[in-house]
Trainee: 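Provided herewith is a single structure, encoded as C-alpha cells, for subsequent inquiry.
All values below come from the heavy atoms of this structure, side chains included, with hydrogens, waters and symmetry mates left out. In each ligand, atom 1 is the first atom listed, and ligand 1 is the first ligand listed. The structure displayed is predicted, hence computed values, not measured ones. The first residue in the sequence is number 1, and the count goes up from there.
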Amino acid sequence: MLIPLALKENSCDIVLERGCLAEAGRLLDLKRRVLIVTDTGVPAGYPRMLSAQCAESVTVTLPEGEDSKSTDHFLLLLRRMLSEGFTRGDCVAAVGGGMPGDVAGFASACYMRGIDFYNIPTTLLAQVDSSVGGKTAIDLDGIKNVIGAFHQPRRVLIDPDTLGTLPDRQWSNGLAEAVKMALCFDAEGFSLFERTDPRAHVTEIIERALRIKTRVVEQDEKDQGLRQTLNFGHTLGHGIESLHGENRLLHGECVALGMLPMCGEAVRERLRAVLEKLGLPTRCVAPASAVMRALLHDKKMKNGAVSAILCDEIGTCRVQTMRPEEIRARYLSTFPEALP
Ligand code: GLY
C-alpha cells in the first residue's frame with residue numbers, strides 16, 4: 001500500500017508492503033550512484049539486497065548505537081561521497097534503524113545543498129515513527145540532535161518482513177512509539193494493543209501510526225505547534241534516557257516511562273496494563289532530582305516553564321506549559337519508588 005505525505009515540493013510517499021525491499025529496484029530510482037548507509041547491528045543481507053538492485057553503490061557500515069550520530073560519522077559520509085564523485089543527481093539510502101536514518105538523512109540534506117534520500121527502516125521504532133517526517137540530526141558535545149535539518153526522503157520503503165530478525169526487546173521498543181500515537185490520536189488503535197497480540201497485527205499497527213504521523217506532519221512540517229504532540233512522553237523520557245546508568249534503557253522504554261506521569265489516572269491504569277503486556281517498564285527508580293536536571297538541560301524553558309503534552313482521555317492530547325515543580329510532582333506520584 002502507498003501512504004502519501006503531501007508537502008507540496010517536499011512530498012514523499014511511503015510504501016508499506018511485505019517483501020518490498022526485494023522490489024526496491026522497481027520502487028526507487030537506483031539507476032545512479034547510491035550511498036547505502038547501514039550499521040553493524042543490521043543483518044548484512046538487507047543492505048546487500050538493496051545494493052544488488054543499484055546501478056552503482058557504495059556501502060558504509062557505521063558502528064551500531066546512538067553514539068554514531070556524531071560529526072565524525074557525518075563527515076565520513078560526506079567525504080565518501082566526495083571521493084566517489086557523487087553529483088547532485090546521485091542519492092543516499094539508509095537501511096536500518098533511527099541512527100543510520102538520522103546521519104544519512106542529514107548528510108543527504110547537506111551534500112551539494114541537498115540530494116535525494118531514501119529511507120528503508122528495518123526496526124519497528126523507525127518504521128512507526130522516525131523514518132517519516134523528514135527530521136534528520138546528529139549530536140554535538142553530548143547534546144542530542146542539536147545539529148540537523150528538515151529533509152524529506154523522496155520515498156520510504158517499509159518492509160514488515162525485516163522485523164523477522166528483530167530481537168524481542170526491539171519489538172517492545174518500537175511498540176512504545178506506536179502506543180504513544182494511539183494514545184494521543186486513535187482510541188480504536190489503542191484498544192488493538194489491549195485486545196490482541198500486536199505482533200500478529202503489526203502491519204495494521206504500522207499503518208495506523210503512519211496515518212497519524214502523516215496527518216500531523218502535513219499540518220506542521222517544521223514542528224511549530226501540532227507536531228509537538230508527537231513528543232508525548234518524551235519530556236520526562238529524554239530526562240530518563242540521558243541518565244547513563246549501568247542498565248541503560250532504550251528510547252522506547254524511556255518514552256513508555258515518560259508517558260505514565262503525563263496521563264490522567266484512568267488512562268494511566270489502562271496504559272500501565274498495555275505497557276506490561278508489551279514487556280515495557282512501568283516502574284522507575286531514577287532519582288527525580290537527576291531526571292529533572294537532565295530534562296531542564298535538554299528543554300528550552302520559556303518564562304520558567306516547559307511545554308508538556310498531557311493525555312486525559314484515550315485518543316486525545318493537549319499541550320500545556322508546566323512549571324518544573326509540577327512535572328516533578330507528577331513523576332514522584334507515579335513512581336513512588338523513585339528517590340526525590
Ligand atoms: N518523532 C517525532 C517527530 O517526528 O516529530
Side-chain angles (χ1 to χ4, degrees), residues 3-7 10-14 16 66 69 94 96-106 108-109 117 119-121 123-139 143-153 155-156 158 170 173-186 189 205-242 250-259 262 295 298-300 306-311 317-319:
I3 301 175
L5 174 59
L7 294 169
N10 293 334
S11 290
C12 151
D13 49 27
I14 304 152
L16 169 59
E66 285 296 296
K69 284 177 53 166
M99 183 279 287
D102 255 341
V103 189
F106 187 45
S108 70
F117 175 50
N119 209 338
I120 307 177
T123 66
L124 187 54
L125 189 91
Q127 293 187 350
V128 298
D129 190 5
S130 65
S131 63
V132 169
K135 280 188 180 175
T136 72
I138 56 170
D139 306 338
I143 314 288
K144 281 184 78 62
N145 298 332
V146 72
I147 314 176
F150 288 97
H151 185 61
Q152 296 295 340
R155 196 165 243 196
V156 180
I158 299 182
Q170 288 293 343
N173 193 34
L175 287 171
E177 291 281 9
V179 168
K180 171 201 78 178
M181 306 261 195
L183 202 57
C184 293
F185 293 98
D186 180 12
I205 285 171
I206 297 169
E207 182 191 348
R208 293 186 93 103
L210 294 180
R211 298 240 180 243
I212 293 166
K213 178 126 194 197
T214 50
R215 204 171 67 223
V216 169
V217 173
E218 279 171 355
Q219 292 173 69
D220 180 23
E221 183 189 4
K222 299 284 166 70
D223 210 0
Q224 301 296 306
L226 181 66
R227 190 165 175 173
Q228 286 171 26
T229 56
L230 297 178
N231 276 339
F232 178 63
H234 286 62
T235 302
L236 276 166
H238 279 156
I240 298 166
E241 194 173 3
S242 59
L250 301 176
H251 177 73
E253 294 170 336
C254 296
V255 169
L257 290 170
M259 288 191 284
M262 307 317 255
L295 180 159
D298 187 43
K299 292 280 158 207
K300 279 189 212 75
V306 293
S307 245
I309 324 296
L310 299 172
C311 175
C317 61
R318 64 192 165 91
V319 184

Trainee: Report the nearest protein non-hydrogen atom to atom 5 (O) of ligand 1: residue, atom name, distance rounded to 0.1 Å.
Mentor: Arg227 NE, 2.7 Å
Trainee: Among side-chain atoms of His251 and His234, is any donor-acceptor pair under 3.5 angstrom?
Mentor: yes
Trainee: Please confirm whether Asp129 comes under 4.0 Å of ligand 1, counting heavy atoms of the residue only.
Mentor: yes
Trainee: In the protein, which heavy atom is nearest to atom 4 (O) of ligand 1, and how far is it?
Mentor: Lys213 NZ, 2.6 Å
Trainee: Using a strict cut-off of less than 4.0 Å between a Lys/Arg side-chain nitrogen and an Asp/Glu carboxylate oxygen, indicate whether Glu66 and Lys144 qualify as a salt bridge.
Mentor: yes
Trainee: Can you confirm, on distance only, whether ligand 1 has an N/O atom lying under 3.5 Å from any N/O atom belonging to Lys135?
Mentor: yes
Trainee: Between the side chains of Asn145 and Lys69, is a donor N or O closer than 3.5 angstrom to an acceptor N or O?
Mentor: yes
Trainee: Does the side chain of Gln228 come under 3.5 Å of the side chain of Asn231 through a donor N or O and an acceptor N or O?
Mentor: no
